[in-house]
Number of protein chains: 2
Amino acid sequence: MTSRPPRPRERGIPEATVARLPVYLRALQTLQDRGTATVSSEGLAGAAGVNSAKLRKDLSHLGSYGTRGVGYEVEYLIYQISRELGLTQDWSVAIVGIGNLGRALANYGGFGTRGFRIAALLDADPEVVGRTVASLNVRHIDSLEEVVRSKGVSIGVIATPGGSAQGVASRFVEAGVTSILNFAPVVLNVPDGVDVRKVDLSIELQILAFHAQRRADGDGHAHRSGLEVT
Amino acid sequence: MTSRPPRPRERGIPEATVARLPVYLRALQTLQDRGTATVSSEGLAGAAGVNSAKLRKDLSHLGSYGTRGVGYEVEYLIYQISRELGLTQDWSVAIVGIGNLGRALANYGGFGTRGFRIAALLDADPEVVGRTVASLNVRHIDSLEEVVRSKGVSIGVIATPGGSAQGVASRFVEAGVTSILNFAPVVLNVPDGVDVRKVDLSIELQILAFHAQRRADGDGHAHRSGLEVT
DNA sequence: ACGTGCTTGTGAAAGCACGCACAAAGTGGG
DNA sequence: CCCACTTTGTGCGTGCTTTCACAAGCACGT
């Protein structure tokens with residue numbers, strides 16, 4: 001907002017930082033909704049649940065967007081992080097598997113404020129195909145390739161049972177989708193150049209159980225809190 | 001199965017390893033279902049999507065459960081990992097927020113084969129309270145404390161809208177729950193000694209978008225695939 | 001009984017990530 | 001104009017993670 005950034009970035013943001021940027025972004029949006037115009041690293045770090053030095057180092061990877069003695073301008077920083085994450089363009093998302101989880105995803109309107117548009121819902125069950133979910137018509141899985149092409153889908157979400165996941169993934173890849181978010185409890189096999197991220201409910205529970213057990217039998221010392229899925 | 005483990009473990013499994021154990025466990029169960037009795041580190045690593053040296057080092061933290069020249073006995077290793085993760089005991093789980101996501105979680109029967117029992121479903125909406133979901137009666141959120149006590153709930157799952165999440169978390173903590181799995185898009189504030197893990201759909205999408213953008217504009221070199229949520 | 005072949009378990013090195021602590025830089029008051 | 005105060009950006013030490021490479025160990029055939 002002040003002047004044009006001299007050197008926007010120089011290729012090479014650490015993976016750990018990338019994983020935290022969305023958290024900062026959300027905290028910033030909350031602040032903006034409250035009418036806050038400026039925030040210090042300390043304040044933002046508190047809202048995001050991280051150390052302030054870590055926050056500053058993370059932000060320094062995108063450029064020098066703060067003002068010493070003052071802090072960061074909320075609106076400007078939102079824009080810079082959004083741009084870095086690629087949210088200034090629209091991403092077209094297709095969800096396969098319209099069970100409870102698929103429906104939850106489809107109805108989860110606020111996908112990081114904007115940047116993501118759910119372009120299609122697909123399922124194999126003839127009972128589900130043809131229904132309307134989140135004001136979208138559920139189409140049959142056989143039309144996956146056609147849908148990807150016509151809607152320009154660039155991100156595929158897999159919310160099917162484990163058994164069907166690999167097949168769907170392969171079809172996504174075949175159709176040219178190179179970003180996949182997998183909710184099915186299987187390890188997907190994809191060629192190089194395809195980016196797969198996995199979200200697994202039972203894995204998270206198992207990690208919690210491990211720490212709970214550790215606290216229970218070892219006992220004595222408490223465990224650090226605020227663990228994040230990074 | 002052979003002989004009793006001499007030194008089961010010696011307190012201090014790296015966090016990164018703990019996060020991968022559930023993945024190994026699932027891969028092992030898949031192998032067992034196929035009737036495989038023995039597997040090499042190479043084979044298991046392939047099924048779990050990791051480097052075989054990493055797998056061996058991970059397993060070495062639990063003890064020496066392999067046989068050189070042969071590999072690991074599937075059944076025995078399943079038992080050891082389950083025990084380490086604390087899955088040999090039963091964990092009682094309560095889910096708050098029975099929207100689409102809450103229902104998806106409630107119906108997701110195969111919680112890592114076993115170890116987790118969904119003990120209660122809670123919601124604030126009078127429209128939902130009293131209904132039956134996954135053969136459980138949905139109770140009102142006001143009975144949270146009573147339910148935690150009577151059912152011995154040790155893990156709380158929050159699947160509410162963001163606005164209600166902190167309140168629910170505080171009530172869980174107040175009631176003595178020290179493990180929380182949070183699906184709401186907010187940073188929870190909890191005292192030390194409480195373990196919070198967060199699963200956030202839109203954060204995962206944003207990370208995918210970042211890599212996709214990077215591939216698109218920078219282009220040239222492909223990006224490593226098979227990223228996991230660790 | 002012994003050698004061959006395969007696989008584990010682990011020392012060592014390289015790479016990352018985190019957090020402290022401070023210099024650099026900007027603001028505002030006098 | 002200068003000084004005191006605030007907050008950013010970062011150099012550096014520390015500890016964790018990953019990967020390589022190989023010695024140690026076990027099974028099996030002869």
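Chain letters run A, B, ... following the sequence lines, proteins first, then strands; residues in each count from 1.
A donor and an acceptor atom never sit less than 3.5 Å apart when one is taken from the side chain of B:Arg68 and the other from the base of C:dT7. With hydrogens and angles ignored, no donor-acceptor pair under 3.5 angstrom links the side chain of A:Lys57 to the base of D:dG9.
A:Glu15 has its CD atom 15 Å from the C1' atom of D:dT17, to the nearest Å. Here the C1' atom of nucleotide D:dG9 and the CD atom of A:Glu42 are 15 Å apart, to the nearest Å. Residue A:Arg20 contributes atom CZ, which lies 11 Å from atom C1' of C:dG19 at whole-angstrom precision. Protein atom OH of A:Tyr65 is 19 Å distant from nucleotide atom P of C:dA25, rounded to whole Å. Atom NE2 in B:His61 sits about 17 Å away from atom P in C:dT8, given to the nearest Å. Remark: C1' of D:dT10 and CG of A:Leu59 are 13 Å apart, rounded to the nearest angstrom. For A:Ile13 and C:dA17, the CD1 to P distance is 12 Å, given to the nearest whole Å. What separates CZ of B:Arg56 from C1' of D:dG25 is a distance of 14 Å, to the nearest Å.
Taken to the nearest 0.5 Å, the CD atom of B:Glu145 stands 4.5 Å off from the CZ atom of B:Arg171. For the atom pair CG of B:Leu181 and CZ of B:Arg197, the computed distance is 8.5 Å after rounding to the nearest 0.5 Å.
For B:Ser40, taking side-chain heavy atoms from C-beta onward, the closest of the listed nucleotides D:dA27, C:dT7, D:dC20 is C:dT7. With D:dT8, D:dT18, D:dC20 as the candidates, the nucleotide lying closest to the side chain of B:Ala16 is D:dT18. Listed candidates were C:dC18, D:dG9, C:dG9. Nearest to the side chain of A:Lys54 is C:dC18. Taking the side chain of A:Asn51 as heavy atoms from C-beta on, and the options C:dA21, C:dT27, C:dC20, the nearest nucleotide is C:dC20. Proximity note for A:Tyr72 (side chain, C-beta onward) versus C:dT10, C:dT7, D:dT8: the nearest is D:dT8. In the set C:dG26, C:dT10, D:dT8, the nucleotide with an atom closest to the side chain of A:Thr67 is C:dG26.
Looking at which nucleotide of DNA chain C each of A:Gly69 and A:Pro14 is closest to, the 5′-most match is held by A:Pro14.
Taking each heavy atom of B:Leu85 and B:Leu25 in turn, the nearest pair found is CD1-CD2, 4.1 Å. Closest approach of A:Val23 and B:Ile203 over heavy atoms only: CG2-CD1, 3.6 Å.
The ring-ring contact (aromatic ring centres under 6.0 Å, His included) test with B:Tyr65 singles out one residue from B:Tyr24, B:Tyr76, B:Tyr72, B:Tyr79, and that residue is B:Tyr76.
Taking 4.0 angstrom as the limit, A:Ser41 places a side-chain polar atom (N or O) nearer than this to OP1 or OP2 of D:dT8.
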